[in-house]
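Working notes, structure below.
This chain uses plain numbering: 1 for the first residue, then up along the sequence. Bear in mind that the values here come from a model prediction, so they are computed numbers and not experimental data. Atoms within each ligand, like the ligands themselves, are counted from 1 in listed order.
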Amino acid sequence: MRKPLIIGPFQAAIPAVEAGLAGYSDMAMRVVARRRGCPYAVTEALLDRVVITGGRAREKGLVLNDEDHPVAGQLLGSEADEMAAAAVILAEYGFDVVDLNFACPVKKVMGRCRGGYLLGDPDQAIAIMRAVRDAVRVPLTLKLRRGLNDSPQAADDFERIFDEAERLEFAAVAVHGRTVEQKYTGRADWDFIRRLKLRRPRMTLLGSGDIFCAADALRIYETAGVDGVWIARGAIGNPWIFSEFDALLRGESLPLPPRIFAQRAALLEHFTLAMEIYGEEQASRQMRKMGIKYSRLHPDGAAVWKSFIQVKSHADWERVLLEYYSIDGPGREQISVADAADLYNGCDSAGAAAA
Ligand SMILES: Cc1cc2nc3c(=O)[nH]c(=O)nc-3n(C[C@H](O)[C@H](O)[C@H](O)COP(=O)(O)O)c2cc1C
C-alpha cells in the first residue's frame, strides 16, 4: 500500500512532508523533525521582495544547515519578474526545490494580490509559474487550496493552474482541502483531493488539511490516495508524528507517546537550534510559542503551558525543563482531533498565518 514519495530527484523515506508554517517552520523546527523521521520539509512563505532586498528578515528566513535537506523554499509574491528573481536567490542559497504559494488566505496577503489571490487570477499565476520555470533549474512545486471559493469559475481557475503545473513539469502540488474564502472554518474536503488524484494520476499530490495526529495522516493517505501527506499543525510541538505515521504505515500499532526524557531532548535541541538562527532574546520569544505546543504531550500539560509562556531567556527555559522534565515517565496520550482543533484555534494569529 505504501509507495515511495518522489518529488523531482528526491525520494522520501515516508510519504510525508513537514509543511510551510508561518512563524514556525524555521530551520530549528525542521531539523528537530528530521532527526525524528521527517524526510522533507518546506519553509514558511517567504516574501519575494524580502528575499530580493535582503536584510535580517531574509537572513533568518533563509537559514539552512547540512541536515536540512531536501528542503523547499516557499515564495509569496504577485509579480512574475520578482518571483523569478527571488527563486534564483533561493536556489543560490542551496534550497533544493522552490515552492510557489497560491494558497495563503490572510487578508493582507490577498489585498496585495499574493498567495490565495492568485488562485482567482490564473493568468497572473501562470505568468509567475512560467517566469520562475525559465529562471531556475531546481524542481518547482505548488501550494494550492481547492479553489478561491465554491463557484464554477473558481473550479475552472484551479484546473487551469493545475494544467500549467503539469505542462511545466512541476514536481508536486500540495492541496489544502479548503477554499481560500473558507480560511480555517469547516472541515478540509479530503474527497476533493481524492477525486483530484483520480483525475490527475501523473502529478505527485500532497494532501493537506486537518492532519492533527498520525492516524489522520494514515486516513488521508489511504482514503484520498495521495502520494504524500502535508503535515502542518499536527507537527507543531510534535516532531514524533512522522515516526508514528511510519509505524502505522508498517501496520504496527501507534507507538506510546514520547516519554518525558525524549521530550526534553527535543526541547533542548529545538532551543539550541533556534539560538543559532535568532540569538537568545528572539529565540526565547520564538520558543515560548513552541513550548506551549510541546506541553500537550506532558501529563501536567496545563502547568507546563503556563511556565513556557513566561520564558524570556535561555535560563528561564532551562528552569522549565528542570521543573517538569527532569524525571522520566510516560508522555500524555494523543489528544483527539476535536481537542486538537480547539487547541489550534489560536494558530492563525500565532504567526503571520499563511496558506
Ligand atoms: C499558523 C499557520 C501558518 C501557516 N503558514 C503557512 C505557510 O507559510 N505556507 C503554507 O504553504 N501554508 C501555511 N499554512 C497552512 C498549512 O501549511 C496547512 O496547509 C493548513 O494548516 C492545513 O493543514 P492542517 O489543518 O493539517 O494544519 C499555515 C497554517 C497555519 C495554521
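- Looking at Asp210 next to ligand 1, an N or O pair under 3.5 Å apart turns up.
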- Take Asp328 and Arg264 through the salt bridge (charged side-chain N to carboxylate O under 4.0 Å, His left out) test and state the conclusion after the steps. CA-CA 9 Å; Asp328 202 11; Arg264 186 180 65 180; over 6 Å; no
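- Between His69 and Phe10, a ring centre-to-centre spacing not shorter than 6.0 Å is recorded.
- The distance from ligand 1 to the heavy atoms of Ala19 drops below 4.0 Å at these ligand atoms: 17 (O).
- The heavy atom nearest to atom 19 (O) of ligand 1, considering only Gly207, Ala232, Ala217, Ser208, is found in Ser208.
- For the pair Arg145 and Tyr184, the cation-pi test (distance below 6.0 Å, angle within 45°) is passed.
- Classified by interplanar angle (parallel below 30°, tilted 30° to 60°, perpendicular above 60°), the ring pair Phe271/Trp317 is tilted.
- Of all atoms in ligand 1, numbered sequentially from 1 with element shown, those under 4.0 Å from a heavy atom of Ile211 are 26 (O).
- The shortest distance between side-chain heavy atoms of Tyr325 and Val304 falls below 4.5 Å.
- The closest side-chain donor-acceptor pair between Asn149 and Thr179, if any, does not fall under 3.5 angstrom.
- Residue Ala45 places at least one N or O, backbone or side chain, under 3.5 Å from an N or O of ligand 1.
- Remark: side-chain polar atoms of Arg133 are paired, donor with acceptor, to backbone N or O of Val136 under 3.5 angstrom.
- The N/O atoms of Glu44, backbone and side chain alike, include none that comes under 3.5 Å of an N/O atom in ligand 1.
- Of all atoms in ligand 1, listed by their number and element, those nearer than 4.0 Å to a heavy atom of Tyr184 are 14 (N), 15 (C), 20 (C), 21 (O), 28 (C), 29 (C), 30 (C), 31 (C).
- Taking only nitrogen or oxygen atoms, main chain and side chain alike, Gly20 reaches within less than 3.5 Å of ligand 1.
- The proximity of Val42 to ligand 1, defined as any non-hydrogen pair under 4.0 Å, does not occur for either the backbone or the side chain.
- Between Gly234 and ligand 1, no N or O atom pair is found at a separation short of 3.5 Å.
- At least one heavy atom of Gly209 lies less than 4.0 angstrom from ligand 1.
- For Lys143, every heavy-atom contact with ligand 1 shorter than 4.0 Å involves the side chain, none the backbone.
- When each atom of ligand 1 is checked for a heavy atom of Arg233 under 4.0 Å away, the hits are 21 (O), 24 (P), 25 (O), 27 (O), 31 (C).
- Cluster membership for Leu249 and Ile7, using ILVMFWY side-chain heavy atoms within less than 4.5 angstrom, is not shared.
- Against a heavy-atom cut-off of under 4.0 Å, Asn101 is close to the following atoms of ligand 1: 9 (N), 10 (C), 11 (O).
- Ring centroid separation for the pair Phe192 and Phe158 comes in under the 6.0 Å cut-off.
- Residue Tyr24 places no N or O, backbone or side chain, under 3.5 Å from any N or O of ligand 1.
- Counting heavy atoms closer than 4.0 Å to ligand 1, residue Ala22 contributes atoms from both its backbone and its side chain.
- The side-chain heavy atoms of Leu75 and Leu90, taken from C-beta on, include a pair separated by under 4.5 Å.
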